[in-house]
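By convention here, the first residue in the shown sequence is residue 1.
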Amino acid sequence: MNFRRKLLLLFALTVFLSVTAVAWMVSHVTRRAFEQSNEAQTAALVAQFQREFKRHADDVVRRAEAIAASEATTRMALSLNRGSSEAGNYLNEASPTAQSHQLDFLEFVDARGTIVSSAQSPAKFGYTESSVTNLPQLTSKPAFLKQEELPAGSSLGLFAVRAATIGDKPLYVIGGLRLDKTFLAALELPAGMRAMLFENSGSGATPQMLMTSPAGAKEVEKLTPLVQQVQQQGREMTDLMHWSSDPADDEMIHAIPLNGQDDKILGILFVGSSRKPYVEVKRHIQSAAMLVGGAGVLLAILLSSWAAARFTRPVEELASAAREVAAGNLNAQVEVTSTDEVGDLAEAFNRMTRDLLEQKERLVQTERVAAWRELARRLAHELKNPLFPLQLTVENLVRAREQSPEMFEEIFRESAATLLAEIGNLKQIISRFSEFSKMPQPQLQPVIVNDVVQGVARLFQAQLESRSRAPITCELDLLSHMEPVAADAELLHRAFSNLVLNATDAMPQGGTLTLRTRESGDRVYIEIADSGVGLTREECQRLFTPYYTGKQHGTGLGLAIVQSVISDHGGTITVQSQPGKGTTFRVELPRNLDKLHAPVLDGSAAMTRGR
């Protein structure tokens, strides 16, 4: 992945993460604010319910006291105390009294706890009131919650007990108001909230027990687990109800237990708060986040394109210049267009190329001087060896001429042979140096490398199979269908032959000679490997140095000539070897088909490049 794409990805990722983080934070803050608002609204509704409950309780107490203090109740109590009339005479007294005082429940109970008259259940006449105990103590108490059994079922109501005392036998008035939909309708509910009342009859939750509108069987069924938790733990509980698959239908339910005289849970007040506003706000936030995120990604693309054009172009120019330097063009320079870090880098690169160019010139001069010094030293060494026998031979001739004229002819003939032999050595030495100094420049033509390698193998085939030495097996591992390269076939043949000759000399006990060709892109690779004695690291490092040789009668110019030939073709030659494990020469040649008609250098330049 290039730098431009990385920059684009970085911008897009930054925008995406930023938008995601902001959306999450806004959603979190919104949810927290909604929960706090919901808690505040629930607390306000509960407080309102408690106020309404107290108001109803006060109304029940006030109406019960009014009935107890009424003239009709006083006459009834006086009559029951005197025993002047039957209790049955007052059987229908409770119903009109309850209607006149707007009570849903009303019973008159005598001092023994027997029901004298009942507005809600006339059939209870003569029965003992068992649902209310300790009547004398309740006459001074506030209203309380009680489950009232009716002919059609049961009903939850708010009751108060007051007494009409005439004589020593009081007449108790038990009045009550029903807690029903009318009671819940009196509550002022905020938008999105509702109140539900559950009557705990001990037989479980049914739709008839939940007095609210609307209320369905499915809602009651889902509320049952929450009802059971409140009944078991006896405290307020909160739970999130999922009425459907749509999160907007979810509702936070707050359950408040309603206790009777003995702290038994007689009912549960449910306060429901719809999460639809929160879900809608959350969806708006998500939509806005997606919109902002999309716009941000688009902006990131535009910014990254602009940034890439501004910042990556100098980097690409630097990379291109670096490739030119690697290819050998030390004159490559980069235009400095900014004063920031990229500009500093470009300026540093330009200084580096200038320094490299200067160092190259100094190095070339130093190498040229060193090469000529080495050449002079080698030439002096090579010429010194035959000159010493020449000097001795001439001195012997002079001495023989002066001291033994009669033996001069014989000594002259022997000395002449010696002189001619040494002069021949001098000519051979001079010829070798002349050949090295006049290496011809390659005449580039399309060449199939496999043909050159096969020609070298055929040339040495007879020598490798000679009975006068240990046999050497030649193996060819040539890549089929190789494309041609621009090269001088004759010079490559000489170079490969020299490498094969070195390989055979490294295997005096016989072995395997492997010739291998490969290609990759616009490069061709030739390997010449032997299984001979191998070379040390120091020998590998000095192997291509002119006049360095490990052979007894070598001149040290063979591998130097090979390196010069490969270098003139624009290629490289390397060696890999270990003592006892053989040696591999690897030649890398460019195809250079575009240079078939390029001008060539002169011989002196080739010699310099070869060194």
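For the pair M76 and N81, the minimum side-chain heavy-atom distance is 4.5 Å or more. Residues I526 and L589 are in side-chain contact: their nearest non-hydrogen atoms beyond the backbone lie under 4.5 Å apart. Proximity of M196 to I253: side-chain heavy atoms (C-beta onward) are separated by under 4.5 Å at one or more points. When side chains are defined from C-beta on, L258 does not count as touching I268, because their heavy atoms never get closer than 4.5 Å. Under the 4.5 Å side-chain criterion, counting only non-hydrogen atoms from C-beta, Y525 is not in contact with E519. Counting only heavy atoms from C-beta outward, the side chains of V109 and L135 approach each other to under 4.5 Å. Within the 4.5 Å cutoff, the side chain of D104 has no heavy atoms near those of the Q120 side chain. You'll find the side chain of L138 reaches within 4.5 Å of the side chain of V132, heavy atoms only.
Summarising the geometry of L158 relative to A143, their closest heavy-atom pair is CG-CB, 4.1 Å, with the distance given to 0.1 Å. Taking every heavy atom of both residues into account, Q102 and L177 meet most closely at O-CD2, 3.4 Å. Here the closest heavy-atom approach between residue T74 and residue A69 is recorded as OG1-O, 4.2 Å. Across all their heavy atoms, F270 and V227 have their closest contact at CZ-CG2, 3.4 Å. Nearest heavy atoms, P170 versus T165: CB-OG1, 3.8 Å. Taking all atoms of both residues into account, the shortest heavy-atom contact from S140 to R162 is N-NH1, 4.1 Å.
To the nearest 0.5 Å, the span separating CD1 on I166 from CG on L171 amounts to 9.5 Å. Separating the CD atom in Q147 from the OG atom in S155 is a distance of 7.5 Å, to the nearest 0.5 Å. Atom CZ of F144 is separated from atom CG of L266 by 10.5 Å, given to the nearest 0.5 angstrom. Going from atom CD of Q232 over to atom CE of M237 covers 9.0 Å, rounded to the nearest 0.5 Å. To the nearest 0.5 Å, atom CZ of residue R63 and atom NE2 of residue H101 are 9.5 Å apart. From L80, atom CG reaches atom NZ of K169 across 9.5 Å, with rounding to the nearest 0.5 Å.
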- Give the C-alpha distance, both sets of side-chain angles, the deciding distance and a yes or no for side chain to side chain contact (heavy atoms under 4.5 Å, CB included) between L179 and L145. CA-CA 9 Å; L179 294 183; L145 204 61; 3.3 Å; yes
- Task: Given side chain to side chain contact (heavy atoms under 4.5 Å, CB included), test L223 with M241 step by step and report yes or no.
- Result: CA-CA 8 Å; L223 284 172; M241 291 297 168; 3.8 Å; yes
- Hey, mind stepping through F108 and I67 against side chain to side chain contact (heavy atoms under 4.5 Å, CB included) and telling me if it holds? CA-CA 10 Å; F108 293 104; I67 293 174; 4.0 Å; yes
- Query: Can you list the steps and then say if K54 with D58 is a salt bridge (charged side-chain N to carboxylate O under 4.0 Å, His left out)?
  - Reply: CA-CA 6 Å; K54 186 177 182 303; D58 294 341; 3.2 Å; yes
- Message: Between E483 and R523, is the salt bridge (charged side-chain N to carboxylate O under 4.0 Å, His left out) condition met? List the steps.
- Response: CA-CA 10 Å; E483 298 293 330; R523 316 291 288 185; over 6 Å; no
- side chain to side chain contact (heavy atoms under 4.5 Å, CB included) evaluation trace for S117 with N92: CA-CA 6 Å; S117 180; N92 298 321; 5.9 Å; no
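Using a 4.0 Å cut-off between charged side-chain N and carboxylate O, K124 and E148 make a salt bridge. Looking at E107 and K146, no side-chain N of the basic residue comes within less than 4.0 Å of a carboxylate O on the acidic one, giving no salt bridge. Looking at R55 and D59, a side-chain N of the basic residue comes within less than 4.0 Å of a carboxylate O on the acidic one, giving a salt bridge.
Within the 3.5 Å criterion, the main-chain N or O of L240 finds no donor-acceptor partner in the side chain of E251. A donor-acceptor pair under 3.5 Å is absent between the side-chain atoms of D522 and the main chain of R591, judged by distance alone. The main-chain N or O of G113 is found under 3.5 Å from a side-chain atom of D110 such that the two form a donor-acceptor pair. No donor-acceptor distance shorter than 3.5 angstrom exists from the side chain of D239 to the backbone of L226, with no hydrogens or angles considered. Side-chain atoms of T517 come within 3.5 Å of backbone atoms of L479 as a donor-acceptor pair (strictly under, hydrogens ignored). Remark: the backbone N or O of S131 is paired with a side-chain donor or acceptor of E129 at under 3.5 angstrom.
Residues T73 and E71 have side chains that never bring a donor and an acceptor to within less than 3.5 angstrom of each other. Residues T97 and S100 bring no donor and acceptor atom of their side chains to less than 3.5 Å of each other. With 3.5 Å as the limit, one finds no donor-acceptor pair spanning the side chains of Y127 and S118. Counted by atom type alone, R586 and T574 present zero donor-acceptor pairs between their side chains at under 3.5 Å.
Within 6.0 Å of CD on Q576 lie no more than 12 heavy atoms contributed by other residues, nucleotides or ligands.
In this structure, F105 has its ring center closer than 6.0 angstrom to the ring center of F159.
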